[in-house]
J.: 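Take this structure first; my questions come after.
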Amino acid sequence: MEEEEQIDILSPVKDLGFVSFLLADLHDDLTGKVERFRQLADLSVSLGANGTLLTGGKTTYHAWVEARTSFVHGNYIATVMLCQGLAEHLLASFVELNVGAVPLPPKVSFYETLNRCLSTAIISEPDADALRRLMKLRNPLSHYRNLDDPSNLTRRMLDTGVAIEEHLRGDASFALSVAVRLMSLPSFRVDR
């Protein structure tokens, strides 16, 4: 068998072919990727001078890392879903850190987490409103909604005359701004 022969029964594409695909993908929308990266950098200025406390362990950390990467690469649905997951893990895990607090149920709802965070002043009502809006953006992406539902993405496009891509980019921008706003709260900023 020749060295150059690829031993892969699943794909006729050689490694160099994959490199070509990856370079083309990197090049596509390079200007947009740079713009989105700048937007992310501008948003992140409000984070703590010495970073942010990401309670919730590796799940919270990876949700944040992947949300940023997804946004820069134009994966807007993933950005919305990851930011929602980040918020849920960050807040619920922070509530559990409070000594003397009533333990959370094993499968806590996001509404319950928001209520506990509001009652202990971890977040304000405007923060909770933004998080509820984020949840309303994520739900129709996770759960099927027929065309008659106003939250259906195609319905939103038809109702507004705005392209789906623009709706998704706006939703992802909002989701990232909510995540950064949350991580910028005094409970999570590391300024010392």
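The shown structure was predicted, so the numbers you read here are calculated from the model rather than taken from an experiment.
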J.: At what distance, to the nearest 0.5 angstrom, does CD of Glu112 lie from CZ of Arg116?
T.: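 Rounded to the nearest 0.5 Å, the CD-CZ separation comes to 4.5 Å.
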J.: If we only count heavy atoms from C-beta on, is the Phe110 to Arg132 side-chain gap below 4.5 Å?
T.: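 In short, these two side chains do not touch, never coming nearer than 4.5 Å.
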J.: With the side chain counted from C-beta on, respond yes when Leu176 and Trp64 share a heavy-atom pair under 4.5 Å apart, and no when they do not.
T.: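 Side-chain contact under 4.5 Å: yes.
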J.: Kindly give the heavy-atom pair with the smallest separation between Ser93 and Gly56, and that separation in Å.
T.: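 Minimum heavy-atom separation between Ser93 and Gly56: OG-N, 3.0 Å.
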J.: Can you tell me if Arg38 has over 12 outside heavy atoms packed within less than 6.0 Å of its CZ?
T.: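 Counting other residues, nucleotides and ligands, CZ of Arg38 stays at 12 neighbours or fewer.
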J.: Decide yes or no for Pro140 and Asn152: does some side-chain heavy atom of the first lie under 4.5 Å from some side-chain heavy atom of the second?
T.: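 No, too far: nothing below the 4.5 Å cut-off.
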J.: Do Arg138 and His143 touch side chain to side chain, with heavy atoms closer than 4.5 Å?
T.: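 In short, these two side chains touch, coming nearer than 4.5 Å.
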J.: Judged by modelled atom types alone, do Gln39 and Glu35 share a side-chain donor-acceptor pair under 3.5 Å?
T.: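 No, no side-chain donor-acceptor contact under 3.5 Å.
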J.: On a heavy-atom basis, which atom in Leu54 and which in Leu90 lie closest, and how many Å separate them?
T.: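 Distance-wise, the nearest heavy atoms are CA-CD1, 3.8 Å.
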J.: Just by distance, no angles: are the side chains of His167 and Thr160 close enough, under 3.5 Å, to form a donor-acceptor pair?
T.: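 Yes, a side-chain donor-acceptor pair sits under 3.5 Å.
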J.: Can you list the steps and then say if Arg156 with Asp159 is a salt bridge (Lys or Arg N to Asp or Glu O under 4.0 Å)?
T.: CA-CA 5 Å; Arg156 289 172 59 199; Asp159 289 346; over 6 Å; no
J.: Can you measure from CZ (Arg68) to CG (Leu82) and round to the nearest 0.5 angstrom?
T.: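 That separation rounds to 11.5 Å.
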J.: How far does CG of Leu182 sit from OG of Ser177, to the nearest 0.5 angstrom?
T.: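 Here the rounded value is 11.0 Å.
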J.: Could you walk me through whether Tyr76 and Arg36 pass side chain to side chain donor-acceptor pair (under 3.5 Å), step by step?
T.: CA-CA 11 Å; Tyr76 301 132; Arg36 291 186 294 275; 3.3 Å; yes
J.: Does a salt bridge link Asp127 with Arg181, judged by any charged N lying under 4.0 Å from a carboxylate O?
T.: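 Yes, this pair counts.
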J.: Is it true that Ser142 and Asn139 share a donor-acceptor pair across their side chains at a distance under 3.5 Å?
T.: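 No, no side-chain donor-acceptor pair sits under 3.5 Å.
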J.: Measuring only between side-chain heavy atoms, which start at C-beta, is Leu86 closer than 4.5 Å to Tyr61?
T.: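 Result no, sub-4.5 Å side-chain heavy-atom pair not found.
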J.: Among the clusters formed by ILVMFWY side chains lying less than 4.5 Å apart, do Ile164 and Leu147 turn up in the same one?
T.: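 Hydrophobic grouping puts Ile164 with Leu147.
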J.: State which residue, out of Ser119, Pro103, Cys117, fulfils the side-chain contact (heavy atoms from CB on, under 4.5 Å) condition with Val95.
T.: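 Of the listed residues Ser119, Pro103, Cys117, the side-chain contact (heavy atoms from CB on, under 4.5 Å) partner of Val95 is Cys117.
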J.: Rounded to the nearest 0.5 Å, how far does CG of Leu137 lie from OG1 of Thr79?
T.: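 Between Thr79 OG1 and Leu137 CG, I get 12.5 Å after rounding to 0.5 Å.
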J.: With a 4.5 Å heavy-atom cut-off, do Arg133 and Asp129 have their side chains touching?
T.: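 Heavy-atom side-chain distance check fails, nothing below 4.5 Å.
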J.: Are Val34 and Phe71 connected in a single hydrophobic cluster, I mean Ile/Leu/Val/Met/Phe/Trp/Tyr linked by side-chain heavy atoms less than 4.5 Å apart?
T.: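 No; Val34 is not reachable from Phe71 via cluster members.
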J.: Looking only at non-hydrogen atoms, find the nearest pair between Leu134 and Phe174 and report the distance.
T.: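 It is N-CE2, 3.8 Å.
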J.: Does the side chain of Leu168 come within less than 4.5 Å of Val80's, by heavy atoms?
T.: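 They are not in contact (no side-chain heavy atoms under 4.5 Å apart), so the answer is no.
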J.: Are the side chain of Asp149 and the backbone of Arg145 linked by a donor-acceptor contact shorter than 3.5 Å?
T.: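 It does not hold such a pair.
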J.: Let's go through Ile122 and Asn98 carefully: what are the C-alpha distance in whole Å and the side-chain angles of both, what is the deciding distance for side-chain contact (heavy atoms from CB on, under 4.5 Å) to 0.1 Å, and is it a yes or a no?
T.: CA-CA 11 Å; Ile122 295 169; Asn98 288 334; 4.0 Å; yes
J.: Could you pull out the closest heavy-atom pair between Val162 and Met157, with the gap in Å?
T.: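 So the minimum-distance heavy-atom pair works out to O-CG, 3.0 Å.
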J.: To the nearest 0.5 angstrom, please state how far the CG atom of Leu47 sits from the OG1 atom of Thr52.
T.: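 That separation rounds to 4.0 Å.
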J.: Restricting to non-hydrogen atoms, name the atom on Ser187 and the atom on Leu53 that form the minimum distance, rounded to 0.1 Å.
T.: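 Looks like O-CD2, 4.1 Å.
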J.: Roughly how far apart are Leu118 CG and Ile123 CD1, rounded to 0.5 Å?
T.: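 Separation between the atoms: 4.5 Å.
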J.: Taking all atoms of both residues into account, what is the closest heavy-atom pair of Phe94 and Thr55, and its distance?
T.: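 Shortest heavy-atom contact: N-OG1, 3.5 Å.
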